[in-house]
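Computed from a predicted structure; not experimentally measured. Remember, it's 1-based here, ligands and their atoms both numbered in the order they're listed. Along the sequence shown, the residues carry numbers beginning at 1.
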Amino acid sequence: MSSTTPVVTTPDADGPTVLTGTPVVPGVALGPVIRPHGAVQLPADDEAPVAEADRAGERARFTAAAEVVAGRLTERAAAASGVSAAVLQTTAGLAKDRGLLSTVEQRIEAGASAAVATVGAAQQFAELFASLGGLMAERVTDVNDVRDRIVAELTGQSEPGVTNPDTPSVLLADDLAPADTAGLDPTRVVALATRLGGSTSHTAIIARQLGLPCVVAVGGLDDVPEGAVVLVDGEQGTVTVDPDPADAQQRVAAAEQAAEALAGYEGPATTADGHAVQVLANVQDGAGARAAAEAHAEGVGLLRTELAFLGHSEEPSVEEQAKGYAAVFEAFAGRKVVLRTLDAGSDKPLAFATPADEANPALGVRGLRTTRLNPGILTRQLDAVAQAAQATGSTPWVMAPMVSTVAEAAEFAALVRERGLVPGVMVEVPSVALLADRFLEHLDFLSIGTNDLSQYALAADRLSGDLADLTDPWQPALLRLVQLTAEAGQRTGKPVGVCGEAAADPLLACVLVGLGITSLSCAASSVAGVGAKLGTVTLATCQRAAEVALAADDPQTARAAVREVLDAA
Ligand code: PEP
Ligand code: MG
């Protein structure tokens, strides 16, 4: 079974090798290959114990190294913004984590050298996170990343990860640690391609934010040597090794021209024949909302409220929450803002809301389900939203994540309406798509979260690079669920949007519009690409694109068929 085995093609005997993967950020870029620095050499733990008299010195060496690492990451966080800054802050926080630091110190007290103690403590933490289940997978990467940085500092090795190159280059890697991708300078690293990772991986999200062409899950990438020239096509999902120079330059120039056309995009989006489609932004705070307004988003289609509270051990007060929400409402005064109530749990655990000991967190108490354990968290959040709405004179739309039944939706809608707000729910569980009409009897809108809807429809962990082909948003079964939901919206005259990563793909955006979707919400950096693409196609072409995508058996065939329809129009 492998619809997914990446294809390697060589057009003719002497032609360049073309590797294919999952396209995640459109754009074409050319450059020599760089790779992350080789792995940091970790010390073996068979050293003789450190003499008691030297242990205080060893502790001081460790403390100094951890401080340097935390300081560097914090500095980079300050220079970054949005998701990059949040990722770097999280990693810096780990380098300062009291639990981790004191575990290392205890090991030094027991006679281990600073480096050996760091490795041992990191392993202890990684095992703990891993034993907590799938959602901790990314934290294990962070722990190992911090371990490598501290050991490198202690042993005089170069800092692991990516050094921004002097000439514009293409970064190839197995997968990228969150802290590596967050530190990238997009003028010097011009494209990314990874052997692992899916369209919702950290690498993809950061590439999207930086606007770097990116292809993930590329087969055969290991064999491409450092220094070889490659052409990355983030729309086609290809990495061409040693391309014909003239052909490559022409493709880059065409992509640059297309990018310039985007620079002129100012919204609001319509198809070429005037069918209006709202192109909105996914944001997490006021700063992100202001950036989205500058990028000509028409509003906010998904305010991920939980992201602002990921590091909090206590539930934020109603006042603190209201202040944060008001900053977003102000950035889009008089325009549409869709706020999502806390999506705690699974890949976004919140210390004050998420049970720690679930066997299967993605199918557990997450999203709206956290109210089963603590209903006050939801009502206090809705009070904060109402307070912010009143203070700013806005009428936000409010939606709940991870809803499965009509009764849950009805109960949520009542709480939202009581406060003068507009209720909706996310379509992340197939049960909502299947009964969309009945959900809409209680709600004013639906918003499809394709990241989770594909995870639950295809039964594949959205964080698993090995299963990225299954969670590909072009899977025809996922598109069928989108169609069912959009049709229910059309029957009832209520809006149905898409706010998952699918909405960031300009080609797929045409399909979604053809399926009857009324708004698309994506990273601010993708707004112009999506909006401008819609301006080049008619609604009838979008509908034809939707038909051929639904008729395909797999994502690759769907993409190719849609490209053909759009090119022919
Ligand atoms: C989704 O599931 O598609 C979505 C938009 O929510 P998140 O990615 O935050 O889970
Ligand atoms: Mg989701």
Side-chain angles (χ1 to χ4, degrees), residues 24 82-83 86-87 134-135 137-138 197-206 208-209 279-285 288 292 297 300-310 337-350 353-354 361-370 397-404 424-433 445-464 468 470-475 478-479 481-482 485 496-505 508-509 512 517 519-524 526 530:
V24 290
V83 183
V87 167
L135 72 93
E138 299 215 0
S199 58
T200 57
S201 63
H202 260 303
T203 303
I205 289 171
I206 301 268
R208 213 166 269 131
Q209 197 193 9
V279 180
L280 311 165
N282 294 350
V283 307
Q284 68 178 71
D285 54 22
V300 170
L302 170 63
L303 168 56
R304 287 185 163 105
T305 56
E306 66 286 346
L307 295 187
F309 307 127
L310 279 181
V337 175
V338 185
L339 176 146
R340 173 172 77 187
T341 56
L342 294 173
D343 186 19
S346 193
D347 56 326
K348 298 179 283 280
L350 292 183
T354 307
L363 297 181
V365 182
R366 63 164 296 202
L368 183 67
R369 299 170 180 189
T370 55
W397 297 18
V398 183
M399 64 184 180
M402 194 66 183
V403 173
S404 315
V425 303
M426 291 190 73
V427 183
E428 294 174 298
V429 181
S431 58
V432 185
F445 70 98
L446 291 171
S447 180
I448 306 176
T450 46
N451 308 338
D452 275 311
L453 187 58
S454 60
Q455 153 161 278
Y456 297 124
L458 279 293
D461 183 346
R462 63 186 270 186
L463 297 178
S464 166
L470 296 177
T471 49
D472 188 320
W474 284 82
Q475 280 289 354
L478 175 75
L479 297 178
L481 291 170
V482 171
T485 315
V496 174
V498 168
C499 64
E501 296 301 317
D505 174 345
L508 189 49
L512 297 173
I517 291 300
S519 68
L520 298 161
S521 191
C522 53
S526 302
V530 170

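Atoms of ligand 1 found under 4.0 Å from any heavy atom of Cys499, numbered from 1 in the order shown, are 5 (C). Residue-ligand proximity, Asp343 to ligand 1, at heavy-atom distances under 4.0 Å covers atoms 10 (O). Numbered from 1 in the order shown, with element, the atoms of ligand 1 that lie under 4.0 Å from a heavy atom of Gly449 read 1 (C), 2 (O), 3 (O). Each of the atoms 3 (O), 5 (C) of ligand 1 lies under 4.0 Å from some heavy atom of Gly500.
Polar contact check, Asp452 against ligand 1: a nitrogen or oxygen pair lies under 3.5 Å apart. Any N or O atom pair closer than 3.5 Å counts here, and Asp347 shares no such pair with ligand 1.
At distances below 3.5 Å, at least one donor-acceptor pair connects side-chain atoms of Glu306 with backbone N or O atoms of Asp343. Although no hydrogens or angles enter the test, the distance criterion places a donor-acceptor pair under 3.5 Å between the side chain of Thr305 and the main chain of Arg340. The backbone N or O of Val498 lies less than 3.5 Å from no partner atom in the side chain of Ser447, so there is not a single donor-acceptor pair. Without hydrogens or angle criteria, Glu428 side chain to Met402 main chain gives a donor-acceptor distance under 3.5 Å. With hydrogens and angles disregarded, a donor-acceptor distance shorter than 3.5 Å links the side chain of Tyr456 to the backbone of Ala362. No donor-acceptor pair under 3.5 Å is formed between the side chain of Thr471 and the backbone N or O of Arg462.
Of the heavy atoms in Leu453, none comes closer than 4.0 Å to ligand 1. At a 4.0 Å heavy-atom cut-off, ligand 1 does not touch Gln284 at all.
Look at Arg462 and you'll find a heavy atom under 4.0 Å from some atom of ligand 1. The closest approach between Glu501 and ligand 1 stays at or above 4.0 Å for every heavy atom of the residue.
An angle of 100° is found at the Mg ion (ligand 2) between Glu428 atom OE2 and Asp452 atom OD2, rounded to 10°.
At a threshold of 4.5 Å between non-hydrogen side-chain atoms, the residues Asp452 and Arg366 count as touching.
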